Amino acid sequence: MRYTADYKFFLKQARRGIPRLALGLYKTYMHILYITQFFCPPDGAGNTRSYEVARRWVLAGHKVTVVTSSARMPETYGVGQYRLDGIDLSVVRGTRGPRDSCFRSGLRFSIAAMWRAARVDGPDVIVAETSSSSVMAPGLIASKVTAAPLVLEVRDIQIDGELNKEYGRPTISDRISNSLKRLVYRSGDHCLALGSGIKDALLSFGVLEDAITISPDGCDSSLFRVPADHGATLLEAHPYLRGGPLVVYGGAMDAAHGVSYFVHIAAAVRSIDPSIRFVICGSGPAREDIRTDALHIGVLEQNLWLIPPLPKHRMPELLSLATVLMSLFDRGQAGRPRSFSKMFDALAAGKPLVLNHGGAHVDLVESRGAGLILSPGDIETAARDLADFVRDDEALHRAGEQAAALADGRFNRDKLAGEYRALLEAVAQADPAPQRRRRRSLALKRTFDFVVAAAVLVLLSPVFLILAFIILIKMGWPILFSQVRPGLGGKPFRLSKFRTMKNTEDGAGNLLSDGERITALGRFLRRTSVDELPELFNVLKGDMSLVGPRPLLMEYLPYYDTDQERRHTVRPGMTGLAQVNGRNDLTWEEKFELDVWYVDNRSLWLDLKILCRTVWIVFTGQGVSAPGHDSMPRFDEIMARTQGAEDV
């Protein structure tokens with residue numbers, strides 16, 4: 001921003017009374033930065049929650065930038081920048097190499113995401129989806145760099161060694177891990193928990209209850225509510241899906257889900273009713289172990305089949321063939337409250353649910369009769385209950401109707417995404433990013449002033465001594481001119497400058513005019529602004545700043561109007577916006593308008609620009625005095641004449 005070229009613009013803004021930064025409060029849209037390690041588009045195989053909510057935010061008129069990895073992206077996506085349904089995607093490498101551990105790949109993503117997120121221009125709010133701890137650091141760092149409020153979307157949370165009493169007392173590593181998580185969760189502006197168990201875990205980390213909102217995953221009914229023959233193509237590829245009742249598990253195959261439970265249930269049900277078939281659709285680190293277990297038990301390709309993961313847009317084909325869908329969780333993961341996304345796909349499809357775990361949403365499913373809860377520890381009993389349920393057509397029909405009702409009501413994706421958007425809007429407006437950036441900038445301003453003032457005083461100390469000696473020779477004692485001026489809040493302080501005038505008096509003992517008393521040396525000091533250098537001591541003391549409205553005379557205070565008085569809400573400066581836009585060539589009204597504009601828009605970056613401009617003004621000597629005067633006409637005398645005083 002060039003100050004001389006923009007001089008009229010500054011005055012126009014000041015006269016309108018609207019601070020430039022404050023205009024950001026009235027934007028009709030937000031820029032949302034969404035950081036998630038596992039973003040999955042519709043043609044990918046995985047949970048598409050991030051895509052679905054981001055797409056709806058875009059449709060609501062907001063700009064959404066997603067920083068993610070390629071881990072869950074289709075092969076058509078590589079590292080780079082993409083645009084998907086209005087969403088700006090910034091994709092970093094996310095696949096694990098043959099020598100990469102989970103920690104190493106997570107660390108690599110964390111570093112890359114930090115770099116990408118910190119470079120996103122001006123987000124109004126940052127959402128960090130924390131199902132992976134690798135997202136916590138990028139979210140926190142991006143929030144600090146951009147000064148945007150941080151919302152942590154918590155889908156699951158590991159409380160190491162605290163909730164799972166089977167593991168005994170927490171280890172040292174548990175305590176360190178929990179301390180780091182506590183720091184991140186408490187540093188966020190708000191936490192969105194996908195379940196009540198997650199909220200309880202956040203409360204145990206010291207997050208305030210008012211800073212937590214529960215919002216479950218949603219159901220994409222428009223995608224999953226399909227005709228019964230929708231899976232015809234899938235049946236041709238997998239003919240063994242035809243026949244009796246079909247129990248489907250679709251999801252990750254890892255330690256947290258305990259898919260081996262599904263295999264053992266299949267074995268127990270086979271002895272009850274061999275026509276009941278089981279299908280696992282998914283992938284994960286435990287896939288080969290599950291296959292080996294199923295082969296060893298004797299159910300693989302007998303009444304249980306493993307099929308590759310399907311893209312999200314093809315999952316309705318499989319669900320349309322299913323009699324029931326299972327949601328699994330390993331009870332050994334008791335210290336890890338989480339959301340069960342596949343449960344919501346079943347509800348969206350209007351299919352009965354079979355679960356082996358509890359939770360607030362699970363209790364709601366059970367109370368509404370939308371499914372069946374199996375015993376997680378008694379396989380034989382669970383198998384009998386499951387076999388009875390899938391052969392009871394009336395119970396299946398009732399459960400399917402209740403599942404569809406929950407999907408269309410309590411867990412409607414559009415409704416939940418709208419509530420999520422409203423939360424982000426409220427967080428962003430409660431403490432807007434422009435104001436946060438401004439506060440951070442101003443917090444650095446005092447440190448910047450002190451360091452620069454001290455450095456300049458040290459570097460120019462020989463110049464100070466030489467000038468002091470010359471002034472002593474030419475004008476005598478004292479070397480410094482000292483005067484009381486109004487500072488921050490109008491509080492008086494003593495300002496010091498090098499003397500530029502003699503104390504010559506007339507015959508009546510009155511000082512002569514400024515023009516008669518100023519010396520040739522004084523004119524030189526004023527033209528080069530060297531006479532202002534002792535004010536660096538005022539900056540060190542905290543009475544002044546390097547940049548701000550110039551401190552004027554105490555006599556001017558009674559003549560300020562309400563708007564002009566605001567120039568005293570900040571520390572006065574050695575230079576200011578008025579000084580680099582005409583200086584004493586301006587009228588008092590123009591100077592005050594620029595001072596007030598600076599008060600409304602001040603920042604460290606603006607200060608740096610003004611300081612650079614000041615160097616040029618000093619060398620050119622522009623605007624040292626008003627036309628026809630050796631100094632600026634007194635404001636109090638002008639105002640007194642305007643108000644009709646006759647003795648001025």
Side-chain angles (χ1 to χ4, degrees), residues 38 40 44-48 72 224 231 233-333 338 340-349 351-357 371-372 374 376 379 382-383 386-387 389-390:
F38 303 118
C40 183
N47 185 359
T48 59
R72 301 282 174 84
F224 285 96
T233 303
L234 196 63
L235 275 176
E236 292 179 5
H238 305 281
Y240 48 80
L241 296 178
R242 292 186 177 93
L246 182 63
V247 181
V248 173
Y249 169 77
M253 302 171 69
D254 54 25
H257 289 86
V259 185
S260 62
Y261 178 90
F262 190 84
V263 175
H264 288 274
I265 284 287
V269 169
R270 188 183 180 198
S271 64
I272 300 172
D273 187 346
S275 68
I276 301 174
R277 292 149 306 125
F278 294 77
V279 169
I280 299 175
C281 177
S283 62
R287 181 180 175 87
E288 289 306 314
D289 292 337
I290 296 300
R291 176 183 291 274
T292 301
D293 193 17
L295 181 62
H296 177 73
I297 294 175
V299 295
L300 185 64
E301 298 184 2
Q302 299 300 317
N303 73 325
L304 183 145
W305 289 266
L306 275 71
I307 65 175
L310 294 173
K312 184 65 174 280
H313 68 276
R314 291 203 61 195
M315 282 299 292
E317 297 179 35
L318 178 59
L319 270 60
S320 69
L321 302 174
T323 305
V324 298
L325 278 86
M326 286 196 70
S327 175
L328 302 172
F329 190 57
D330 184 1
R331 61 176 181 165
Q333 300 284 325
R338 64 182 301 149
F340 303 97
S341 60
K342 297 307 175 185
M343 179 181 104
F344 298 95
D345 292 347
L347 296 176
K351 294 291 182 175
L353 265 169
V354 176
L355 312 101
N356 72 338
H357 55 80
L372 173 69
L374 298 181
I379 295 294
L386 177 60
F389 184 63
V390 298

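No experiment lies behind these values; they were computed from the predicted model shown.
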Please determine whether side-chain contact (heavy atoms from CB on, under 4.5 Å) holds for the pair Ile265 and Ile379, giving the CA-CA distance in whole Å, both sets of side-chain angles, and the decisive distance to 0.1 Å.
CA-CA 6 Å; Ile265 284 287; Ile379 295 294; 4.2 Å; yes
List the steps, then state whether side-chain contact (heavy atoms from CB on, under 4.5 Å) holds for Val247 with Val354.
CA-CA 9 Å; Val247 181; Val354 176; 5.9 Å; no
With side chains defined as the heavy atoms from C-beta onward, is the minimum distance between Val269 and Leu386 less than 4.5 Å?
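Side chain of Val269 against side chain of Leu386, heavy atoms only: contact under 4.5 Å found.
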pair Met315-Asp345: side-chain heavy atoms closer than 4.5 Å:
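Of all side-chain heavy-atom pairs linking Asp345 with Met315, none is under 4.5 Å.
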Roughly how far apart are [X] [atom1] and [Y] [atom2], rounded to 0.5 Å?
| X | Y | atom1 | atom2 | result |
| --- | --- | --- | --- | --- |
| Met343 | Leu353 | CE | CG | 6.5 Å |
| Ile280 | Arg287 | CD1 | CZ | 8.5 Å |
| Leu328 | Met253 | CG | CE | 10.5 Å |
| Gln302 | Ile297 | CD | CD1 | 13.0 Å |
| Glu301 | Tyr240 | CD | OH | 7.5 Å |
| Leu321 | Leu235 | CG | CG | 4.5 Å |

Okay, side chain of [X], backbone of [Y]: is any donor-acceptor separation there less than 3.5 Å?
| X | Y | result |
| --- | --- | --- |
| Arg72 | Gly44 | no |
| Arg270 | Gly298 | yes |
| Arg291 | Leu300 | no |

List the atom of [X], the atom of [Y], and the distance in Å for their closest heavy-atom pair.
| X | Y | answer |
| --- | --- | --- |
| Val279 | Phe262 | O-CZ, 3.7 Å |
| Cys281 | Leu318 | CB-CD2, 3.7 Å |
| Cys40 | Asn47 | CB-O, 3.4 Å |
| Val299 | Ala267 | CG1-CA, 3.6 Å |
| Val248 | Ala322 | CG2-CB, 3.6 Å |
| Pro376 | Asn356 | CB-O, 3.6 Å |

Single hit among Val324, Leu372, Leu325 for side-chain contact (heavy atoms from CB on, under 4.5 Å) with Pro352
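Exactly one option meets the side-chain contact (heavy atoms from CB on, under 4.5 Å) with Pro352, and it is Val324.
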Would you tabulate the side-chain donor-acceptor contacts of residues 303-313 under 3.5 Å, counting partners in other chains and residues two or more places apart, or write 'none'?
{"residue": "Asn303", "atom": "ND2", "partner": "Ala266", "partner atom": "O", "Å": "3.0"}
{"residue": "Lys312", "atom": "NZ", "partner": "Thr48", "partner atom": "OG1", "Å": "2.8"}
{"residue": "His313", "atom": "ND1", "partner": "Pro42", "partner atom": "O", "Å": "3.1"}

Going through the distances and angles, do Asp293 and Asp289 end up as a side-chain contact (heavy atoms from CB on, under 4.5 Å)?
CA-CA 6 Å; Asp293 193 17; Asp289 292 337; over 6 Å; no
